[in-house]
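In what follows, a structure is listed as structure tokens, so that the remarks can point back to it.
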Amino acid sequence: MTGGSLGLRAGSYGSLPNIKNVIAGGGRLLHSKSFGSVRKNPIMMLSGTREKERSFPSIWYRYLGRRKISMLLMVALAVLVFVLGSFVVNKESNSPNVDQRIGTMSMAHYINATRTDASRILGRRNRQKGGDGNRFQASVPKGANHPCANFTFPPPPPPHLRRIGPRPCPVCYLPVDQAIASMPSSPSESPVLHNLTYVHDENPIKTEPHGGSDFGGYPSLKQRNDSFDIKESMVVHCGFVKGSKPGHQTGFDFDKSDLAELQQFHEIIVASAIFGNYDLIQQPRNISEEAKRNVPFYMFIDEETEAYMKNRSMLDSSKRVGLWRIIVIHNVPYSDARRNGKVPKLLLHRIFPNIRYSIWIDGKLQLVVDPYQILERFLWRQNANFAISRHYRRFDVFVEAEANKAAGKYDNSSIDAQVDFYRTEGLTPYSEAKLPIISDVPEGCVLIKEHIPITNLFTCLWFNEVDRFTSRDQLSFGIVRDKIMAKVDWHINMFLDCERRNFVIQAYHRDLLEHMPPPVAVIRRPPALPNIITRGRNQGKKIPRHGRDRRSGSRRHHKASAGNRESNIF
């Protein structure tokens, strides 16, 4: 296990310096022979003068000066305090106060694990036919024996050094080989629900004044309420109500060549989307060769975004842009690009019926950590099957609704109608009474999911709320989660938002980037030399010139003297 994989503090945040040689002379200041006074032959003393001067501590003391010695001692003391303080804040602590403090403080840049020789230890892949070809033979211990069990956050920086706003914090990732070895060999158990199918209706009709659409159908309030009554077998609305299969004459349609690819089996996929030409494609970084071979990256775009990319020569017949495999969507079901983006975000299990795990990232995000490491950290290590980060500041739906109205995220009356409806269903402001639930508001730009019936039901019902009410999925997340958790023993891993910012980097939307002025070049001038004030015997004495300046000045002096002599003659 390397230091990087254990999430040790990076130099940008205050890494532990090497204090081995902080004391001058590598410890010779405390060497007993340095203080001994042994009389020797004067000739020997004369011959060994230089050697003694190099090792004699008083010479070092005079050379460094009292101030430098004092500074070195202060640095050593500060390092000792830093080391002791690093053991105070434990990342694995369950204290809400610790979580709250860490979630808002300024932390270091993300620390990505590096590949080690773990593959040699774990063995090679088992690629025998019929065997699990995407699994290493050994496993990584969990619980107290996990390599990251003792991972700790560094202490927060002093108040005057803290940066305003949310920032990433360190995360302990396993090396890629060990993360792959941690992948469960079988799917997680889905509580109660084992068989989930979906409503098919070629002629959906709106019978109630509430929302819905031709794409998602128009479930009645009774059907909505029944969908939260978890049973062993269920049939629910989940988009794509028309057509023979998702993407074929359903609205949100795919090309025939893409339909065949989406039916293939994959253990892991990464997916994103750009609609309305709203963002620029962000290429993932720090992706292992193992992930590049076995984890496909799918980017869904609409025809408007496709036309823009082709005009800029960014997209050709290969339908690939870097790691991303481009899937063009035809006949988008909504006029609002934000609603269209919710289809692949929440209904990936319908588009990809034969995958085990998915990582969804919004189009404005850049992935900077390997998918295997993300899944190991937020699903497999936590024995979870759904993970999402909590909002970095707000954890109450009613507060989130007011923030959305203030920012003009959606029509205010529609937000009020949605929140009022949830209030009649029993939604209350968040309080400690909801613990161990730690937040009702997610930062929904990243979803990490194992595709099993209970998680598929959750995202289906979450999508139905988005289809019925506003497209602000942060408002409907909590009510759907709470209704399902009231029926079955199931939970969601809501991790810190600073941890999310560790593995994705947020970029600006395309329209903002295009209207940004070019960066202004900053010219740094060297500081002016201080004026030298001479006193005493040096006052009034001219500073001698050296080299070329002295010679040129001498010539000028001679010429001036000669000129004066000539003028005196006349």
Side-chain angles (χ1 to χ4, degrees), residues 134 215 239-240 242-345 347-355 357-368 370-371 504-505 507-511 513-514:
N134 201 21
F215 173 76
F240 299 102
K242 298 180 180 180
S244 58
K245 60 182 177 181
H248 180 65
Q249 297 180 352
T250 58
F252 208 86
D253 295 329
F254 311 126
D255 293 329
K256 291 183 178 180
S257 59
D258 294 334
L259 276 172
E261 180 168 344
L262 299 180
Q263 301 296 315
Q264 296 179 4
F265 171 79
H266 297 288
E267 285 193 323
I268 301 169
I269 67 165
V270 177
S272 185
I274 297 176
F275 290 100
N277 196 24
Y278 202 54
D279 294 293
L280 297 176
I281 292 181
Q282 306 294 323
Q283 285 301 323
R285 294 192 289 110
N286 305 318
I287 306 301
S288 66
E289 293 301 322
E290 192 74 29
K292 290 178 181 178
R293 287 193 299 267
N294 297 300
V295 178
F297 291 71
Y298 291 104
M299 175 66 70
F300 296 92
I301 64 173
D302 57 2
E303 293 175 344
E304 179 183 353
T305 308
E306 178 193 23
Y308 174 85
M309 295 176 64
K310 286 185 175 180
N311 290 337
R312 296 296 182 93
S313 300
M314 299 169 58
L315 182 65
D316 55 22
S317 59
S318 67
K319 294 185 177 181
R320 287 196 172 274
V321 178
L323 285 179
W324 293 107
R325 168 67 162 86
I326 305 300
I327 305 292
V328 180
I329 306 302
H330 308 283
N331 303 321
V332 291
Y334 305 105
S335 59
D336 183 3
R338 293 173 296 182
R339 283 192 182 274
N340 289 322
K342 298 299 185 290
V343 176
K345 176 178 180 177
L347 304 182
L348 275 181
H349 62 283
R350 300 224 59 193
I351 300 172
F352 299 94
N354 298 311
I355 60 174
Y357 300 97
S358 65
I359 299 175
W360 167 269
I361 61 173
D362 280 0
K364 62 185 176 182
L365 300 179
Q366 180 186 33
L367 190 69
V368 293
D370 190 83
V504 289
I505 298 176
Y508 291 103
H509 293 301
R510 183 188 59 80
D511 56 343
L513 289 173
E514 291 181 348

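Under the 3.5 Å distance criterion, with hydrogens and angles disregarded, no donor-acceptor pair is assigned to the side chains of Ser257 and Asp255.
Between Phe252 and Phe215, the ring planes are tilted. Angles from 30° to 60° get that label.
The two residues Leu280 and Ile274 make their nearest non-hydrogen contact at C-CD1, 3.9 Å. In this structure, Asn286 and Val368 approach most closely via the heavy-atom pair ND2-O, 2.8 Å. Closest approach of Asp370 to Ala291, counting heavy atoms only: OD1-CB, 3.3 Å. Scanning all heavy atoms of the two residues, the minimum distance from Leu315 to Glu306 falls at CD2-CG, 4.0 Å. When all heavy atoms of Leu323 and Arg320 are compared, the closest pair comes out as O-NH1, 3.9 Å. Pairing each heavy atom of Pro344 with each of Ile351, the nearest pair is CA-CD1, 3.9 Å.
Separating the CZ atom in Phe254 from the NE2 atom in His248 is a distance of 12.5 Å, to the nearest 0.5 Å. Here the straight-line distance linking atom OG1 of Thr250 with atom NZ of Lys245 works out to 11.0 Å at 0.5 Å rounding. Rounded to the nearest 0.5 Å, atoms CG (Asp279) and CG (Asp362) are 8.0 Å apart. Between the CG atom in Asp253 and the NE2 atom in His330 there is a gap of 8.0 Å [rounded to 0.5 Å]. Gln282 CD to Met299 CE: the interatomic distance, rounded to the nearest 0.5 Å, is 8.5 Å. With values rounded to the nearest 0.5 angstrom, Leu262 atom CG is found 8.0 Å from Arg325 atom CZ.
For the ring pair (Phe, Tyr, Trp, His ring centres under 6.0 Å) with Tyr298, the qualifying choice from Trp360, Phe352, Trp324 is Phe352, the only one to do so.
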### Task
Evaluate side chain to side chain contact (heavy atoms under 4.5 Å, CB included) for Val343 paired with Val332, printing each intermediate quantity in order.
CA-CA 10 Å; Val343 176; Val332 291; over 6 Å; no

### Message
Apply side chain to side chain contact (heavy atoms under 4.5 Å, CB included) to residues Glu261 and Leu259 and explain how you reach the verdict.
### Response
CA-CA 5 Å; Glu261 180 168 344; Leu259 276 172; over 6 Å; no

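Within 6.0 Å of the NZ atom in Lys292, the count of heavy atoms belonging to other residues, nucleotides or ligands exceeds 12.
Side-chain contact between His266 and Ile268 is absent, with no heavy-atom pair separated by less than 4.5 Å. With contacts defined as side-chain heavy-atom distances shorter than 4.5 Å, the pair Ile329/Phe275 qualifies. The side-chain heavy atoms of Val295 and Tyr357, taken from C-beta on, include no pair separated by under 4.5 Å.
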